[in-house]
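Quick notes on the structure that follows.
Labels below follow one simple rule: chain letters A, B, ... track the order of the sequence lines, proteins then strands, and each chain is numbered from 1. Basis for what follows: all heavy atoms, side chains included, without hydrogens, waters or symmetry-related copies.
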4 protein chains.
Amino acid sequence: MRKKEGNKEKDILEAAVRIFAEQGYHNAKISHVADEARVATGSIYVYFKNKEDILLKIFEEIWRPLYLELKKISTNRKLTAIEKIEFLIDLVFDFFIENPARAIVFVNEQNHLLKNTEVQFTDYYEKFMSLGESIIKSGIRKGAFNKVDVVIFRYFILGGLRNLLNHWAENPNDFSLNKIRQNVKFLLKNGLLKK
Amino acid sequence: MRKKEGNKEKDILEAAVRIFAEQGYHNAKISHVADEARVATGSIYVYFKNKEDILLKIFEEIWRPLYLELKKISTNRKLTAIEKIEFLIDLVFDFFIENPARAIVFVNEQNHLLKNTEVQFTDYYEKFMSLGESIIKSGIRKGAFNKVDVVIFRYFILGGLRNLLNHWAENPNDFSLNKIRQNVKFLLKNGLLKK
Amino acid sequence: MRKKEGNKEKDILEAAVRIFAEQGYHNAKISHVADEARVATGSIYVYFKNKEDILLKIFEEIWRPLYLELKKISTNRKLTAIEKIEFLIDLVFDFFIENPARAIVFVNEQNHLLKNTEVQFTDYYEKFMSLGESIIKSGIRKGAFNKVDVVIFRYFILGGLRNLLNHWAENPNDFSLNKIRQNVKFLLKNGLLKK
Amino acid sequence: MRKKEGNKEKDILEAAVRIFAEQGYHNAKISHVADEARVATGSIYVYFKNKEDILLKIFEEIWRPLYLELKKISTNRKLTAIEKIEFLIDLVFDFFIENPARAIVFVNEQNHLLKNTEVQFTDYYEKFMSLGESIIKSGIRKGAFNKVDVVIFRYFILGGLRNLLNHWAENPNDFSLNKIRQNVKFLLKNGLLKK
DNA sequence: GATGAATGAGGCTTCATTCAT
DNA sequence: GATGAATGAAGCCTCATTCAT
């Protein structure tokens, strides 16, 4: 019996991230992804149902580890709410810093997928977001945070991070991710106005 | 003298915003846009070079008025930096509130266009952003604002706004735009931490 | 406005009959049909939903006229049952004699279509068959015909005709259609056994 | 000496008959046949040159036994011509009654194969047909049968039988094969007209 | 022989764009 | 300018066949 040669599924997924980041999902050609993964076109369909399925799996691979890590943070009783938020930000930055192409795909393609009601977007996304919300809520309850609307806050902060990650990933030399990280944390904590 | 009946160019542009918002630029069909605009498919090409050109014009119609309005605000000597920032936020919200579909297109399709080096994205975008930056810079110089990195700040705030606008436009009943507006202003000014 | 040039739908249908007859439906390529019809590949899809739709329309064009003609025959009060049967046979022969390729498609592709429960096969087929059955039934009732099972008879006679038509269409020189016609009529009337 | 366990070739052939009958040869997938035969896809190609070869072997398995049996009948000096014809019909019915799926494949796929000049269709088919013809001829010579054209007769009768077998195999409850058998024999002998 | 992962040629279909009227 | 029929390049996907184990 012919054995699996290496890990083609992983190869394809990683190639797809690179190609989708470079050209955008809709402009990317399956045959190009196959080339990048050093695999025959048909092999893609051994591992994935269709083009969209690749994208779905990419997002699964984004939100599953992010959720699992955030869960550890959120259940850590030694951390205050603000520390948890800071760790959350670190988590996101660290995750994408190791694979900027993934950041670009994340930023540019998630909305289309979420809008497409035909497909089942990974559950881990909503789980991650809920966990984030509950951290904020607990901070508010304990009197540490201002009384912001958590849902609004979550979309705001995620949108801000996404945009920064995107611009960093597209132009890594414009500013270091650590500088971004510090600024975001500062802004989140203190706002723009000098006290 | 007989004017063009009904201004087909405007009809097409508005139809395209609705269709692109609904289905996404890449999934939208020109023939569908034509139907929505109650115009023949071929007529699209009388007014636009190609499909991408429609999108480009849509963004021109977004950033030109935004820039022109922001210019008025930024040159108003009676306003403080923080007031200008608040007006900027109001400006963006007011602009999209009257046309949520435009918000969705703005959020989802700008990155692809910016990345495409073949096309000349509207200058007004960069002009708008520069103006925003200079307002921040001036606020910092005058000691009113904390010393944040203005470029980082601009991407962060724009990303946050975009994401909120998108979610509001897709689910207008989840939260009122005025509530969003207040929360964003508060967050920007004071941050999350209670003083 | 660009007007329809000639009758492309008819051209395509006729080309498809020829190509499907020559190569079989499954081996036939749409691009080949387009070439044969002197039409661009894409034009096929202006007139037909997909490849199968062409086949469906071909059968519509077979059974509709056959049914309409048989209706005239069956309602003609001057004809006896056996005369009607003879006319029915003539009808089928005359119909295919003018387009042998149509006979081949009819013979070879109808079963696949009938089996495919996804598609709606033309109603005229069943209508035609019912009319044929009722002619036999009336002949039996009037004592002119032997008491055969009409459903069995209908499948038997149609199968026999189909097979003859097919072999004639594939090898028109082996025997003349008129000789076939005479033999079939004789067999149907008198059977094999000499009295 | 160790025999091949379970006779894979036979398993594949029988599985193929079932699958081809269900879905048609062209829609049937080799991998599906392999599943049905509980064999790996690759094993198919150990026993058969390609997909078409399976079909060819199926027809070999149809016409060889039919021919061999008909030979016994035709050389039996105790039988009259009409008895031989009746036995021929019984032979065909008995053969397919034990495997209706085979009847469906026989009906639907033989023409495509016969048309394909690349492949060598089983000799037994022509031998069977010749034998049938010679029975008729002898009946005519001896004055027992009407003077029909034997070639026309053979195509007619075979087509009729095929069509009946097909409809019976697809809808076994519509009519019993024995009833069909009686009707066919009666029709063949006496024809439609009452004497 | 047996396996099933891997292959890649090929075909259907889509749809932005063109063009004759 | 306006139309919408016509075009044809291009891409996703299928699946018979191969081949390394």
Side-chain angles (χ1 to χ4, degrees), chain A residues 1-6 8-9 12 26-35 37-54, chain B residues 2 4-6 8-9 26-35 38-54, chain C residues 1-6 8-9 12 26-35 37-54, chain D residues 2 4-6 8-9 26-35 38-54:
Chain A
M1 175 185 63
R2 192 172 185 177
K3 286 278 168 53
K4 286 195 196 181
E5 309 157 4
K8 284 204 171 22
E9 179 166 2
I12 293 167
H26 285 98
N27 292 320
K29 288 154 210 77
I30 285 285
S31 61
H32 196 168
V33 172
D35 289 351
R38 297 180 178 285
V39 148
T41 313
S43 301
I44 303 266
Y45 294 87
V46 173
Y47 295 95
F48 301 91
K49 221 172 70 237
N50 51 35
K51 192 182 174 186
E52 196 175 47
D53 191 37
I54 304 176
Chain B
R2 180 160 151 271
K4 271 185 275 179
E5 329 113 22
K8 282 199 169 35
E9 180 166 359
H26 285 98
N27 292 320
K29 288 160 205 132
I30 285 285
S31 62
H32 197 170
V33 171
D35 290 351
R38 298 179 179 285
V39 149
T41 311
S43 302
I44 302 264
Y45 291 84
V46 174
Y47 296 96
F48 301 91
K49 216 171 79 237
N50 51 34
K51 190 181 178 186
E52 197 173 48
D53 189 37
I54 303 176
Chain C
M1 176 186 63
R2 192 170 183 176
K3 285 278 169 54
K4 286 195 195 180
E5 309 157 4
K8 285 203 168 25
E9 179 165 1
I12 294 168
H26 285 98
N27 292 320
K29 287 154 211 77
I30 285 286
S31 62
H32 197 169
V33 172
D35 290 351
R38 297 180 180 286
V39 149
T41 313
S43 300
I44 304 264
Y45 292 87
V46 173
Y47 294 96
F48 302 91
K49 222 172 73 242
N50 50 37
K51 191 181 174 186
E52 196 174 47
D53 190 37
I54 303 177
Chain D
R2 180 161 150 273
K4 271 185 274 179
E5 330 113 21
K8 283 199 171 29
E9 179 167 358
H26 285 99
N27 292 319
K29 286 159 206 133
I30 285 284
S31 63
H32 197 170
V33 171
D35 290 351
R38 297 179 180 286
V39 149
T41 311
S43 302
I44 302 265
Y45 291 85
V46 174
Y47 296 95
F48 302 90
K49 217 173 77 238
N50 51 36
K51 190 181 177 185
E52 197 174 48
D53 189 37
I54 303 176

Hey, which of these two, A/Asn27 or C/Thr41, hits DNA chain F nearer its 5' end, going by closest nucleotide?
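In this pair, the answer is C/Thr41.
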
Closest-nucleotide mapping onto DNA chain E: is A/Val39 or C/Gly42 further toward the 5' terminus? I mean the 5' end.
A/Val39

Select one nucleotide: of [options], the one nearest the side-chain heavy atoms of [X].
X: C/Ser43; options: E/dA2, E/dT13, F/dA6; result: F/dA6
X: D/Lys8; options: F/dG4, E/dA2, F/dA16; result: E/dA2
X: C/Tyr45; options: E/dC12, F/dT14, E/dA16; result: E/dC12
X: D/Val46; options: E/dG1, E/dC12, F/dT17; result: E/dG1
X: D/Ala40; options: E/dG4, E/dT7, F/dC13; result: E/dG4
X: C/Ile30; options: E/dA6, E/dT13, E/dA16; result: E/dT13

Interatomic distance, [X] [atom1] vs [N] [atom2] [rounded to whole Å]:
X: B/Tyr47; N: E/dT18; atom1: OH; atom2: P; answer: 17 Å
X: B/Lys51; N: E/dT17; atom1: NZ; atom2: C1'; answer: 12 Å
X: B/Asn50; N: E/dC15; atom1: CG; atom2: P; answer: 17 Å
X: B/His26; N: E/dT14; atom1: NE2; atom2: C1'; answer: 15 Å
X: A/His32; N: F/dA10; atom1: NE2; atom2: P; answer: 16 Å
X: A/Lys49; N: F/dC13; atom1: NZ; atom2: C1'; answer: 13 Å
X: C/Asp53; N: E/dC12; atom1: CG; atom2: P; answer: 14 Å
X: C/Ile44; N: E/dT14; atom1: CD1; atom2: P; answer: 13 Å

Tell which nucleotide pairs with E/dC15, taking only Watson-Crick or G-U wobble pairs whose two distances are both under 3.5 angstrom.
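Partner of E/dC15: F/dG8.
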
Watson-Crick/G-U partner (both atom distances under 3.5 Å) of E/dA2
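Across any shown strand, E/dA2 pairs with F/dT21.
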
What is the nucleic acid contact for C/Ala28, judged by heavy atoms within less than 4.0 Å: base, sugar-phosphate only, or nothing?
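Contact class for C/Ala28: sugar-phosphate only.
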
For D/His26 and D/Lys51, work out which heavy atoms get closest and say how close.
O-NZ, 3.8 Å

For the pair C/Lys29 (side chain) and C/Asn27 (backbone), establish whether a donor and an acceptor sit closer than 3.5 Å, ignoring hydrogens and angles.
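Confirmed, C/Lys29 side chain pairs with C/Asn27 backbone.
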
In Å, rounded to the nearest 0.5 Å, how long is the span from [atom1] of [X] to [atom2] of [Y]?
X: A/Ile54; Y: A/Glu52; atom1: CD1; atom2: CD; result: 10.5 Å
X: C/Glu9; Y: C/Ile44; atom1: CD; atom2: CD1; result: 11.0 Å
X: C/Ile12; Y: C/Ile30; atom1: CD1; atom2: CD1; result: 9.0 Å

